[in-house]
Amino acid sequence: MTVNRTQIGIIGAGPAGLMLARLLMEQGISSVILEAKTRKYVENRIRAGVLESGTVDLLNRAKADYRLKVKGQIHEGLELSINGQRSRIDLKRYSKGKSVTIYGQTELTIDLINTHLKAGGEIVFDAQNVQPNNFNTLEPKLTYSKNNIDYQLDCDFIAGCDGFHGISRSKIPIKDQNIFERVYPYAWLGILAESPPPSNELIYATHKRGFALYSMRPPSLSRSYLQCSPSLDLNDWPDNRIWDELQIRLGSQIDSHVSQGKIREKGVTPMRSFVVEPLRYGNLFLAGDAAHIVPPTGAKGLNLAMSDIQYLADAFLDFYKNNSFTGINNYSDRALSRIWKTERFSWWMTSILHKTKNESSFDDRIRLTELEYLLSSEAAMRSFAENYVGLPF
Ligand code: APR
Ligand code: PHB
């Protein structure tokens with residue numbers, strides 16, 4: 001068994017683990033990331049693409065925003081399409097000057113990996129059977145194997161940044177986990193296509209046939225989603241059926257045209273809200289999707305992982321620089337406060353935009369009235385905009 005040591009052992013090289021390692025290194029705190037997949041696999045996952053200003057600021061602090069500054073697209077508004085009737089929401093006006101940046105999470109992950117490795121950071125890809133141990137003692141350790149060699153990584157703290165299906169949360173006794181969960185009766189069929197999006201801003205469409213989202217991956221790709229059954233068989237959805245349905249749900253106004261192109265990726269995303277409390281178990285800390293899941297409607301998954309990481313990096317900095325446990329002791333409550341506000345917005349935006357089969361006529365009318373009220377009330381627009389551009393980290 002080869003034994004090494006670091007200050008923070010991080011499980012997972014997704015956005016959460018990578019950003020934590022970057023922020024720690026910038027403050028002279030050592031870490032090692034143990035990632036189960038290969039670098040190629042991690043750098044090819046298709047994920048969402050809307051960054052809040054807090055996430056952009058963190059990328060700057062992590063010195064990983066060089067491509068974002070060139071390729072990122074600032075969006076000051078978005079559109080809602082209600083049964084084909086389109087209305088624009090001026091995010092900048094109603095959020096006191098804020099906006100969002102369109103930049104693929106795939107690109108963000110690549111930028112964080114390249115920056116960290118170039119700075120001498122340590123990421124162990126293809127680490128097998130990663131196990132957090134002794135995290136209820138002062139000597140936590142991670143064990144894993146690679147190329148048939150067994151390793152032990154001694155550390156002061158373990159950061160579980162290994163996503164919803166990772167090992168970290170599963171190692172905590174279920175009696176100590178307070179789980180809050182909602183599974184939605186629908187999913188999203190997502191495509192990545194070589195065709196321009198129907199508009200230069202995102203369009204969230206609600207229609208009697210279901211929800212649709214029209215997004216983009218600048219400069220030449222479109223990223224679109226269709227509400228579907230969680231048990232959808234992709235074989236039943238050939239390309240032409242997807243394009244036809246996207247056009248129907250967008251409506252047939254003159255400026256509503258969905259260009260068809262080669263579909264590079266096709267997949268089904270289930271919809272879930274999930275939070276586990278607390279986020280700290282001894283010297284094991286959960287962050288990102290390991291701790292919570294939001295439905296993708298509000299584009300909050302990545303951004304919520306980033307606010308967790310800012311708080312966790314602050315906590316470790318407080319410990320190592322000020323010899324204080326205050327940040328560490330407050331991490332869970334501080335992160336959960338913003339997590340729950342974001343869970344609320346993601347649930348609300350999902351609920352008002354997705355029609356369900358067993359929805360009563362009253363529920364359907366309330367849903368449409370929520371949208372009508374949103375578009376007719378400055379107070380409602382301000383509330384929507386401050387949540388969509390991102391609550392303060
Ligand atoms: N051992 C080591 N690594 C693991 C293990 C394990 N047992 N289980 C999972 N991992 C790795 C995964 O391969 C992945 O690279 O942990 C990483 C977790 O990354 P994400 O799932 O991306 O989670 P997170 O970093 O919290 O980012 C959240 O990513 O999935 C999206 O919608 C999500 O946008 C949100 C963001
Ligand atoms: C995306 O571009 O993938 C995207 C954008 C906005 C969302 C969800 C996904 O709400």
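Both ligands and their constituent atoms are indexed starting at 1 by order of listing.
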- Query: In chain order, what residues pass the side chain to side chain donor-acceptor pair (under 3.5 Å) check against R88, with sequence neighbours excluded?
  - Reply: E201
- Can you list the residues that meet the side chain to side chain donor-acceptor pair (under 3.5 Å) rule with N323, with sequence neighbours excluded? none
- Item | Note: D154-R5 ion pair, threshold 4.0 Å (strictly below) | no
Answer yes or no: does atom [atom1] of [X] have more than 12 heavy-atom neighbours from other residues, nucleotides or ligands under 6.0 Å?
| X | atom1 | answer |
| --- | --- | --- |
| R45 | CZ | yes |
| E26 | CD | yes |
| K37 | NZ | no |
| E122 | CD | no |

- Task: With R241 as the cation and W237 as the aromatic partner, state whether NZ or CZ is under 6.0 Å from the six-membered ring centre and within 45° of the axis.
- Result: yes
Side-chain donor-acceptor distances from residues 139-150 under 3.5 Å, at least two apart:
from: T143; atom 1: OG1; to: N133; atom 2: ND2; distance (Å): 3.2
from: K146; atom 1: NZ; to: F125; atom 2: O; distance (Å): 2.7

Which protein heavy atom lies closest to [atom], and at what distance to 0.1 Å?
| atom | result |
| --- | --- |
| atom 27 (O) of ligand 1 | P15 CD, 3.5 Å |
| atom 19 (O) of ligand 1 | G14 CA, 3.5 Å |
| atom 13 (O) of ligand 1 | E35 OE2, 2.7 Å |
| atom 32 (O) of ligand 1 | D289 OD2, 3.6 Å |
| atom 36 (C) of ligand 1 | Q105 NE2, 3.8 Å |
| atom 25 (O) of ligand 1 | A16 N, 3.0 Å |

Show me which atoms of ligand 1 lie under 4.0 Å from any heavy atom of [X].
| X | result |
| --- | --- |
| L34 | 2 (C), 3 (N) |
| L302 | 34 (O), 35 (C) |
| G12 | 11 (C), 16 (O), 17 (C) |
| G288 | 26 (O) |
| I167 | 7 (N) |
| G166 | 8 (N) |
| G163 | 18 (C), 21 (O), 23 (O) |
| I11 | 1 (N), 2 (C) |

Can you give me a line-by-line list of nitrogen or oxygen pairs between ligand 2 and the protein shorter than 3.5 Å?
from: ligand 2; atom 1: 2 (O); to: S215; atom 2: OG; distance (Å): 2.6
from: ligand 2; atom 1: 2 (O); to: R217; atom 2: NH1; distance (Å): 2.8
from: ligand 2; atom 1: 3 (O); to: R217; atom 2: NH2; distance (Å): 2.9
from: ligand 2; atom 1: 3 (O); to: Y225; atom 2: OH; distance (Å): 2.6
from: ligand 2; atom 1: 10 (O); to: Y204; atom 2: OH; distance (Å): 2.8
from: ligand 2; atom 1: 10 (O); to: P296; atom 2: O; distance (Å): 3.0
from: ligand 2; atom 1: 10 (O); to: T297; atom 2: O; distance (Å): 2.7
from: ligand 2; atom 1: 10 (O); to: A299; atom 2: N; distance (Å): 3.4

- Closest to atom 31 (C) of ligand 1 among R47, K37, Q128 (heavy-atom distance): R47
- Task: Take F274 and F164 through the ring pair (Phe, Tyr, Trp, His ring centres under 6.0 Å) test and state the conclusion after the steps.
- Result: CA-CA 9 Å; F274 176 95; F164 186 65; 5.0 Å; yes
Ignoring angles and geometry beyond distance, decide whether [X] reaches within less than 3.5 Å of ligand 1 through its nitrogen or oxygen atoms.
| X | result |
| --- | --- |
| R45 | yes |
| F164 | no |
| G301 | no |

- With heavy atoms only and a cut-off of under 4.0 Å, state how D162 meets ligand 1: side chain, backbone, both or neither. both
- Item | Structural part of C161 in contact with ligand 1, heavy atom criterion under 4.0 angstrom | backbone
- Please name the pair of heavy atoms, one in I293 and one in E343, separated by the smallest distance, quoted to 0.1 Å. O-OE2, 2.9 Å
What is the ring orientation for [X] with [Y], classed by angle as parallel under 30°, tilted 30 to 60°, or perpendicular over 60°?
| X | Y | result |
| --- | --- | --- |
| F319 | F157 | perpendicular |
| F285 | Y331 | perpendicular |
| F211 | H354 | parallel |

